[in-house]
2 protein chains.
Amino acid sequence: MHKPLTILDIARLSGVGKSTVSRVLNQDPKVKDETRERVNAVIREHGFEPSKSARSMRTRSPRLIGIIVSRLDSASENRSVRGILETLYARGYDAMLMESEFSPDKTDEHLALLARRGVDGLILFAFTGLDLDKLADWRDRLVLIARPWPGLASVCHDDEGAIALMLQHLLAQGLRHIGFVGVHAEDVTTGGQRLAGYLRVCTEQGLEPHYALGELDYQSGYQLAARLLQPQTQALVCATDTIALGVAKYLQEVGRADVVVTGVGNNALLRFLFPKVMSVDLGYKRAGHLAAEQLLAQIESGAAPCQLQAPSQLVE
Amino acid sequence: MHKPLTILDIARLSGVGKSTVSRVLNQDPKVKDETRERVNAVIREHGFEPSKSARSMRTRSPRLIGIIVSRLDSASENRSVRGILETLYARGYDAMLMESEFSPDKTDEHLALLARRGVDGLILFAFTGLDLDKLADWRDRLVLIARPWPGLASVCHDDEGAIALMLQHLLAQGLRHIGFVGVHAEDVTTGGQRLAGYLRVCTEQGLEPHYALGELDYQSGYQLAARLLQPQTQALVCATDTIALGVAKYLQEVGRADVVVTGVGNNALLRFLFPKVMSVDLGYKRAGHLAAEQLLAQIESGAAPCQLQAPSQLVE
DNA sequence: CTGTTAGCGCTTTCAG
DNA sequence: CTGAAAGCGCTAACAG
């Protein structure tokens, strides 16, 4: 493993000046085809790779995007991340992936790190408790995922629509006694908006709402199911697949196989354990694509921040 | 937001030469305390951050470590990653985290990317099918996790010991008819080694082995449990928590609450769904710490590659 | 202990 | 179309 080649080596090897090599590297159109060919041949032959650090230093752009997810081991966020990376890589950007673990402090540290690295932009999975005001510096090179914020670009899921979709589906099957197991409304999207979807359809259809709110985990689903279940209950719509897991477990224990359970998230494990549970896919991967495209549009073409929404889809 | 300050600005502002500022930045001891104070004051006052790209280019070291996990949304790998990041951050390194999805091709692409970035080192979560020969170039700045390889540094889990530990625990409780639900032996660690642990203890204790091998998912556990279960079965030891999930589900369905189920991985969801299932923690986080320390020892002090093992621990 | 002087590898004027 | 030259911000000899 010898010392890595530089642009100057390639220049000498192909008998041109180093600026010409640079031009070839940067797809500058005003290089004669013949010259370009020759240089490219030498580059390929020697497996030359231009130094990212040198280029970053010169252009003040490392072609690097920061991504802060809330949890790496979240199946849904992972789907979005894969979407993001697909578009990013395709456009020649690399990514630095980090995990906030829902901690504003950790997020701040990561932001500092990304600032030191001088990343070109940031995609941030927002969460309740995040201090969005600290993001002012990032405004024009930031896309939020999962939560909108005035003046900032964002890609959101259709939380309200997802629950509404599910509810309408159940109503179409003739069910009327449908309860909702949700999350306290401090959690804006998973909590407030999904509940809102439930309440909206109830109102529209003249149903009496019947719901309970708790935490984001299966334990909570289990407990709330116990509190909510009535003899006439026909279905329990849950704010997440994780909650649905707890609910389904409770129903199984008390022998209420007649009650339909639905979740949100299209989680593979849930489907295996309780195959009859229906779910809504919030369009995570699509959201990742959208976020990355929006971010690149902003940093490359100065596009204005805007608020996008990825469509939900029923999964049976 | 004005143009970022440079080392030269700080030099002028504090009335010293730029090399002195550089020395202060690099904790060079031969700077007079008084001077150091003055420079540091200016740095803090102006919130100056030295440019990573410039430093990387000069030192040919971006203080950046690549981490390739097989799946980001794997709870166990996530534990290791957190361990890795803790030590890395503490030692002033940043990380580029990527996901192989068990694909050798994806891994190659990631390796190329990391090479272009000129990262200082690499921590790679090995998997069956990975072409370890391609890693020759990385030899002295690479630590493998989960699989050893001659000549390469690695941190492994005690797969064999984990199953043996569990089996001995069950035997101590007086159980004798203990089956094993595993993974085909092409998967060296999760497959071969965990089975070996089972067989070893069976031989030592004069038990007749009774086992079945399949895939890594819950479906497989479910199917194999059906095949393996006998009237006299007292316990089913599983190669992973995921498999244990499938096994526990089958046992529940056929009403065999008397059979003890155990897994490996200390998975929170499993514990909730089937609280009685016991598990072994393979020491993932610890493995992360070890891997990062070993890697830094190699790249900073030229330590030789060596093969380490993180200890397993019973979790009830 | 500290300032001066060269570059690191690349992009970008500015002249040809 | 192409080359020469001037840096980007920082570190590392080398003299003081």
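A note on names: the letters A, B, ... follow the listed sequences, proteins ahead of strands, and every chain is numbered from 1.
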Under 4.0 Å: is that the gap between some side-chain N or O of B:R58 and OP1 or OP2 of D:dA12?
-> no
When you measure from the side chain of B:V16, which nucleotide among D:dA6, C:dT12, C:dG3 comes out closest?
-> C:dG3
For atom CD1 of A:I7 and atom P of D:dT2, their distance in whole Å | 15 Å
Separation of D:dA5 atom C1' from A:R23 atom CZ, nearest Å, is 12 Å
Atom pair distance, as rounded to whole Å: CG in A:D28 and P in C:dT13 | 12 Å
Whole angstrom is fine here: how far is it from CG in B:L8 over to P in C:dG3?
-> 12 Å
Count the heavy atoms belonging to other residues, nucleotides or ligands that lie under 6.0 Å from CD of B:Q309, then report whether that count exceeds 12.
-> yes
Nearest-Å distance, CG (A:L5) to C1' (C:dC8)?
-> 15 Å
Does a nitrogen or oxygen in the side chain of A:T35 sit under 4.0 Å from OP1 or OP2 of D:dT2?
-> yes
Would you name the heavy atoms of B:G83 and B:H289 that are closest together and state the gap between them?
-> O-CD2, 3.2 Å
Euclidean distance, atom CG of residue B:L25 to atom C1' of D:dC10 [Å, nearest integer] = 9 Å
Could you say whether B:D33 or B:M57 is positioned toward the 5' end of DNA chain C, judged by the nucleotide with the nearest heavy atom to each?
-> B:D33
Select one nucleotide: of C:dC10, D:dT2, D:dT11, the one nearest the side-chain heavy atoms of A:R55.
-> C:dC10
Any chance CZ of B:R139 has more than 12 other-residue heavy atoms, nucleotides or ligands included, within less than 6.0 Å?
-> no
When the distance from NZ of B:K30 to C1' of D:dA12 is rounded to whole Å, what number comes out?
-> 10 Å
Distance below 4.0 Å between A:T20 side-chain N/O and D:dG3 OP1 or OP2 = yes
Interatomic distance where CD1 belongs to A:I10 and P belongs to C:dT11 [whole Å] = 13 Å
Which part of the nucleic acid, if any, lies within reach of A:T6 when heavy atoms closer than 4.0 Å are counted: base, sugar-phosphate only, or nothing?
-> sugar-phosphate
CZ/B:R286: more than 12 non-hydrogen atoms of other groups inside 6.0 Å | no
Decide if atom CZ of A:R36 counts as having more than 12 heavy atoms of other residues, nucleotides or ligands within a radius under 6.0 Å.
-> yes
Can you find a donor-acceptor pair, distance only, under 3.5 Å between B:S19 side chain and C:dT4 base?
-> yes
D:dC10 phosphate, OP1 or OP2: any side-chain N/O from B:S51 under 4.0 angstrom?
-> no
